[in-house]
J.: 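Sending over a structure as structure tokens; questions will come in a sec.
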Amino acid sequence: TIRGPAFILIFLILVIADARSQSVNTRFNFKHLSVQNGLAQNLVYHFLQDSRGYMWIGTHNGLTLYDGVKTINFLPRDHDSTSVSGRFITGLLEDSTQQIWIGNENGINRYNRADNSFSHFAVDRPGVKKDTTYCVPLGFVTPTDLWFLDTKTRSVRSLNTTTRKTSFVSELNTTQASFYKCAQTINVWA
């Protein structure tokens, strides 16, 4: 066993080496985003890093796109059908064609990169009605079928992104769930 001054010397070397390795680490870069430097709101619910490296940040008060240098906030604008349709972001996904999908309190939106606009998708209801309601995107079952939670009816529904039609999949008495796709099996955990 090591005693006395040798123990203290070894202990100090280990503490100094540990402190030095923690303070000098060039592999990591931390940046704090807040309302003061461009975030839509400080309370963040969802993150997505897309295939291009951009960070999508979903808050209770809008959507923020961060490119590593600057932020762009997307908020609903009255009488502008090309703006994001809601402030409360319920989920963010990217599909196999690099399209960004955003859930919010007024349905589902698809981001159009060409002009920073949004396409809106509402929920089909009986009687050929469209309903704007809280939708939580879960995941893509196929390249064109997006499953989401319809919190109004507490069910899983499918959005065909080509036809823009939604259809019932299953009841699910929840407002939050996780989606997992493995080979031919789809799991939704609530």
J.: Side-chain donor-acceptor pair under 3.5 Å between Thr90 and Asn104, yes or no?
T.: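 Side-chain D/A pair, Thr90 to Asn104: absent.
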J.: So, do Phe74 and Phe118 have ring centers that fall under 6.0 Å from each other?
T.: yes
J.: Do Asn187 and Phe179 have side-chain heavy atoms sitting under 4.5 Å apart?
T.: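 They are not in side-chain contact.
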J.: For the residue pair Ser155 and Glu171, confirm or rule out a side-chain donor-acceptor distance under 3.5 Å.
T.: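 No, Glu171 and Ser155 have no side-chain donor paired with an acceptor closer than 3.5 Å.
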J.: What I'd like to find out is whether the side chain of Leu149 reaches to under 4.5 Å of the side chain of Leu172, using heavy atoms alone.
T.: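 Yes, at least one pair of side-chain atoms sits under 4.5 Å.
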J.: Between Thr151 and Thr175 (side chain of the first, backbone of the second, donor and acceptor by atom type, cut-off under 3.5 Å), is there such a pair?
T.: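 Not a single qualifying donor-acceptor pair exists.
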J.: Quick one: hydrophobic cluster around Val69, which other residues, with the 4.5 Å side-chain cut-off, linked directly or via members?
T.: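 Reading the cluster by chain and number, Val69 sits alone, since nothing else belongs.
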J.: Any chance OH of Tyr66 has more than 12 other-residue heavy atoms, nucleotides or ligands included, within less than 6.0 Å?
T.: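 Check passes, neighbour count above 12.
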J.: Flag the pair Leu33 / Ile57 as yes when at least one side-chain heavy-atom distance between them is below 4.5 Å, and no otherwise.
T.: yes
J.: For the pair Thr64 (side chain) and Ala40 (backbone), establish whether a donor and an acceptor sit closer than 3.5 Å, ignoring hydrogens and angles.
T.: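 Judged by distance alone, yes, a pair lies under 3.5 Å.
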J.: Tell me whether Val84 shares a hydrophobic cluster with Ile100, the cluster being built from Ile, Leu, Val, Met, Phe, Trp, Tyr side chains joined at under 4.5 Å.
T.: yes
J.: Has the side chain of Asn106 got a donor or acceptor atom that lies under 3.5 Å from a matching backbone atom of Ser85?
T.: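 Yes; judged by distance alone, with no hydrogens or angles, the pair exists.
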J.: Assess, by modelled atom type and distance only, whether the side chains of Thr59 and Asn61 contain a donor and an acceptor separated by less than 3.5 Å.
T.: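 Side-chain D/A pair, Thr59 to Asn61: absent.
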J.: Would you say the side chain of Tyr180 lies within less than 4.5 Å of the side chain of Ser178, judging by non-hydrogen atoms?
T.: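 When only atoms from C-beta onward are counted, Tyr180 and Ser178 do not touch, as no gap falls below 4.5 Å.
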J.: Would you call Phe88 and Tyr45 a side-chain contact if the rule is heavy atoms closer than 4.5 Å?
T.: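 Phe88 reaches Tyr45 side chain to side chain.
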J.: What I want to check is whether the side chains of Gln36 and Ser34 have a donor and an acceptor closer together than 3.5 Å.
T.: yes
J.: For Lys165, look at atom NZ and say whether over 12 heavy atoms of other residues, nucleotides or ligands are found less than 6.0 Å away.
T.: no
J.: Under the 6.0 Å and 45° cation-pi test, does Arg164 pair with Phe121?
T.: yes
J.: Go through the side-chain N and O atoms of Ser167 and Asp124 and say whether any donor and acceptor fall under 3.5 Å apart.
T.: no
J.: Using atom types as modelled and distance alone, determine if a side-chain donor or acceptor of Gln99 lies under 3.5 Å from a backbone N or O of Arg110.
T.: no
J.: With a 4.0 Å cut-off, would you call Arg113 and Asp50 a salt bridge?
T.: yes
J.: Say whether Val123 and Leu146 are linked into one hydrophobic cluster, either directly or through other cluster members, by side-chain heavy-atom distances under 4.5 angstrom.
T.: yes
J.: According to a 4.5 Å side-chain heavy-atom criterion applied to Ile, Leu, Val, Met, Phe, Trp and Tyr, with indirect links allowed, do Ile102 and Ile72 form part of one hydrophobic cluster?
T.: yes
J.: If you take all heavy atoms of Arg77 and Thr82, which pair is closest and at what distance?
T.: NH2-OG1, 4.4 Å
J.: Is the backbone N or O of Gly53 less than 3.5 Å from a side-chain atom of Asp67, with the two atoms forming a donor-acceptor pair by type?
T.: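 Here the side-chain-to-backbone pair does not exist.
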J.: For residues Val136 and Ile186: do they belong to one hydrophobic cluster (side chain heavy atoms under 4.5 Å, members Ile, Leu, Val, Met, Phe, Trp, Tyr)?
T.: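 The answer is yes; both residues are in one hydrophobic cluster.
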J.: With distance as the sole criterion, is a donor-acceptor pair present between the side chains of Thr133 and Asp131 under 3.5 Å?
T.: no
J.: Side-chain contact, heavy-atom cut-off 4.5 Å: Asn109 with Trp101?
T.: no
J.: Can you check whether Leu48 reaches Met55 side chain to side chain, under 4.5 Å on heavy atoms?
T.: no
J.: Between the side chain of His60 and the main-chain N/O of Arg87, is any donor-acceptor distance below 3.5 Å?
T.: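 Here the side-chain-to-backbone pair does not exist.
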J.: Between Tyr111 and Leu92, is there shared hydrophobic-cluster membership here, with clusters defined by ILVMFWY side-chain heavy atoms closer than 4.5 Å?
T.: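 In one cluster: yes.
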J.: When you look at Val156 and Phe148, which way does the side-chain contact (heavy atoms from CB on, under 4.5 Å) test go after all the steps?
T.: CA-CA 6 Å; Val156 176; Phe148 65 95; over 6 Å; no
J.: Side-chain contact test, heavy atoms from C-beta onward, threshold under 4.5 Å: evaluate it for Asp150 versus Arg125 and give yes or no.
T.: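 Yes, close enough: below the 4.5 Å cut-off.
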J.: Without hydrogens or angle criteria, can the side chains of Asp80 and Ser83 be said to hold a donor-acceptor pair below 3.5 Å?
T.: no
J.: Between the main-chain N or O of Asp115 and the side-chain N or O of Asn112, is there a donor-acceptor pair closer than 3.5 Å?
T.: no
